[in-house]
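Notes follow the structure.
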Number of protein chains: 2
Amino acid sequence: MSQDGAGVDLETSLGYLLKEVSSALRVAMEEVLRPLGMSVTRYSCLELLAQRPGLSNSELARGAFVTRQSMNVLLQTLEREGYVTRPAEAPVGKVLPTRLTPRGRRSLEKATVAVRSVEVRMLAGLTETEQSTAFRILRSMVRSLHDGNDGA
Amino acid sequence: MSQDGAGVDLETSLGYLLKEVSSALRVAMEEVLRPLGMSVTRYSCLELLAQRPGLSNSELARGAFVTRQSMNVLLQTLEREGYVTRPAEAPVGKVLPTRLTPRGRRSLEKATVAVRSVEVRMLAGLTETEQSTAFRILRSMVRSLHDGNDGA
DNA sequence: GACCCTATGTCAGAATGCTGACATGAGTCA
DNA sequence: TGACTCATGTCAGCATTCTGACATAGGGTC
């Protein structure tokens with residue numbers, strides 16, 4: 001009854017399960033980030049900047065999986081609130097390298113602890129080997145999906 | 001430089017990789033669904049109804065990982081356009097069991113083919129064993145994440 | 001029956017992300 | 001040099017989803 005041959009069976013579909021996991025992960029992250037007054041996208045942006053200082057708006061957008069327009073709005077907010085800084089003039093081209101301020105770094109610290117606790121919980125019950133296997137398999141999926149789009 | 005000890009290293013984080021995969025999957029699905037004039041959520045709703053006829057608004061919302069308010073908006077659209085039907089009066093309680101119309105079923109058929117092709121592409125390069133392993137690991141992640149929230 | 005708790009359907013407003021569009025700067029090629 | 005292409009930053013409008021709120025139905029418990 002749940003599979004009439006032609007359909008994508010939800011119970012056995014890896015795509016559906018993937019959506020379920022990412023949904024649960026997002027909910028869990030929002031839950032621990034909310035008390036800190038931070039959203040997932042905001043956290044992603046700050047974490048990206050902490051690990052790769054000087055990233056541009058477009059690079060941050062790609063790293064956080066949103067459009068550069070959305071990231072631009074977020075960066076303007078973060079800049080206005082004093083979490084990041086961007087030069088008034090582009091050193092080269094139109095690219096504006098962004099950096100965390102001390103305030104941004106402090107804000108990120110608490111968020112990082114919270115997010116790490118979620119990731120630890122998600123990985124609970126998995127061996128090191130299983131985690132490595134999962135990593136390899138997920139990487140393969142990303143590659144396969146991109147190949148079909150970009151043709152690269 | 002990319003890992004100063006305390007940070008969540010993006011290059012090795014399963015959470016980040018998970019976000020990358022689901023993002024790529026969503027993009028790929030939107031790409032094949034757009035020519036059919038269908039969105040991912042719309043497809044999810046129809047597929048859910050095909051496999052489990054009579055699902056209520058709230059059940060569909062949970063199955064598609066959106067709020068029941070969002071699903072309600074979608075259902076009203078689908079009903080107005082003749083893809084689904086709901087009784088005017090609730091047979092029991094307030095629950096309105098929803099069903100696909102022939103038109104909805106036809107619309108879904110093409111979409112299912114398109115979505116299946118994406119899933120096949122995503123799984124290309126993975127053995128049957130790897131797919132089973134991925135399924136088991138992802139299920140474990142969902143369980144661990146939910147345990148922390150519901151306390152169940 | 002009275003009460004409480006939960007789940008549901010639904011409306012309205014707010015937030016978030018996306019598409020479309022434009023100007024500008026860098027690289028390539030003839 | 002000039003034309004062409006591509007990537008970037010940014011503004012504006014639109015679409016989708018979410019949060020808040022309300023009334024109602026059903027299952028308990030007393």
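None of these values were measured; they are calculated from a predicted model. Protein chains get the first letters and strands the later ones, always in sequence-line order, with residue 1 at the start of each.
- Between its opening and closing five pairs, the helix from dG1(C)-dC30(D) to dA30(C)-dT1(D) changes axis direction by 30°, a value rounded to 10 degrees.
- Under the rule for a side-chain contact (heavy atoms from CB on, under 4.5 Å), S132(A) has no partner lying at least two apart in sequence or in another chain.
- When every heavy atom of A28(B) is checked against every heavy atom of R121(B), the shortest pair comes out as CB-NH2, 3.5 Å.
- Within the structure, no pair that satisfies the salt bridge (Lys or Arg N to Asp or Glu O under 4.0 Å) test touches residues 89-111 of chain B, not counting sequence neighbours.
- Nucleotide dA7(C) holds its P atom 18 Å from the CG atom of L60(B), rounded to whole Å.
- Between N72(B) and dT10(C) there is a side-chain polar atom (N or O) within less than 4.0 angstrom of OP1 or OP2.
- Taking each heavy atom of V21(A) and L18(B) in turn, the nearest pair found is CG1-CD2, 3.5 Å.
- Residues L138(B) and F135(A) fall within the same hydrophobic cluster, defined by Ile, Leu, Val, Met, Phe, Trp and Tyr side chains chained together at heavy-atom separations under 4.5 Å.
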Verdict with reasoning, L25(B) to M29(B), per side-chain contact (heavy atoms from CB on, under 4.5 Å) = CA-CA 6 Å; L25(B) 178 58; M29(B) 286 181 68; 4.2 Å; yes

Q.
Checking E30(B) against S39(B) for the side chain to side chain donor-acceptor pair (under 3.5 Å) test, could you report, in this order, the C-alpha distance in whole Å, the side-chain angles of both residues, the deciding distance, and whether it holds?
A. CA-CA 6 Å; E30(B) 283 170 347; S39(B) 71; over 6 Å; no

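- For DNA chain C, the residues of residues 76-87 of chain B within the heavy-atom distance limit of 4.0 Å (strictly under) are Q76(B), R86(B), sorted by number.
- Using a 4.0 Å cut-off, no side-chain N or O of S56(B) falls inside it from OP1 or OP2 of dT8(C).
- Taking the side-chain contact (heavy atoms from CB on, under 4.5 Å) definition, one finds that R136(B) meets it with E130(A), T133(B), sequence neighbours left out.
- Counting non-hydrogen atoms under 4.0 angstrom, R42(A) reaches nothing in the nucleic acid.
- Taken together through direct or relayed side-chain contacts under 4.5 Å among Ile, Leu, Val, Met, Phe, Trp and Tyr, L36(B) and L100(B) form parts of separate hydrophobic clusters.
- Remark: V95(B) engages S56(B) in a side-chain contact (heavy atoms from CB on, under 4.5 Å) (not counting sequence neighbours).
- Between the side chains of S44(B) and T41(B), no donor-acceptor pair of N or O atoms lies under 3.5 Å.
- Note: CD (E59(B)) to C1' (dG9(C)) measures 13 Å, nearest angstrom.
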Taking only N/O atoms, report every protein-nucleotides 26-29 of chain C pair under 3.5 Å with atom names and distance.
| from | atom 1 | to | atom 2 | distance (Å) |
| --- | --- | --- | --- | --- |
| dA26(C) | OP1 | G93(A) | N | 3.3 |

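- Qualifying salt bridge (Lys or Arg N to Asp or Glu O under 4.0 Å) partners for R139(A), counting only residues two or more places apart in sequence or in other chains: none.
- For S117(B), there are no side-chain contact (heavy atoms from CB on, under 4.5 Å) partners two or more places apart in sequence or in a different chain.
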Its contact letters, B for base, S for sugar-phosphate only and - for none at protein heavy atoms under 4.0 Å, make nucleotides 12-22 of chain D read -----SBBBB-

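- Every pair passing salt bridge (Lys or Arg N to Asp or Glu O under 4.0 Å) that includes a residue from residues 61-82 of chain B is listed here, sequence neighbours excluded: R42(B)-E81(B), E79(B)-R86(B).
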What nitrogen or oxygen pairs link the protein and nucleotides 13-15 of chain C at under 3.5 Å?
none

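- Heavy-atom minimum distance, A114(A) versus L33(A): CB-CD1, 4.4 Å.
- Look at E47(A) and R52(A) and you find no salt bridge, because none of the NZ, NE, NH1 or NH2 atoms lies under 4.0 Å from a carboxylate O.
- Straight-line distance from the CG atom of L96(A) to the C1' atom of dT10(D): 11 Å, rounded to whole Å.
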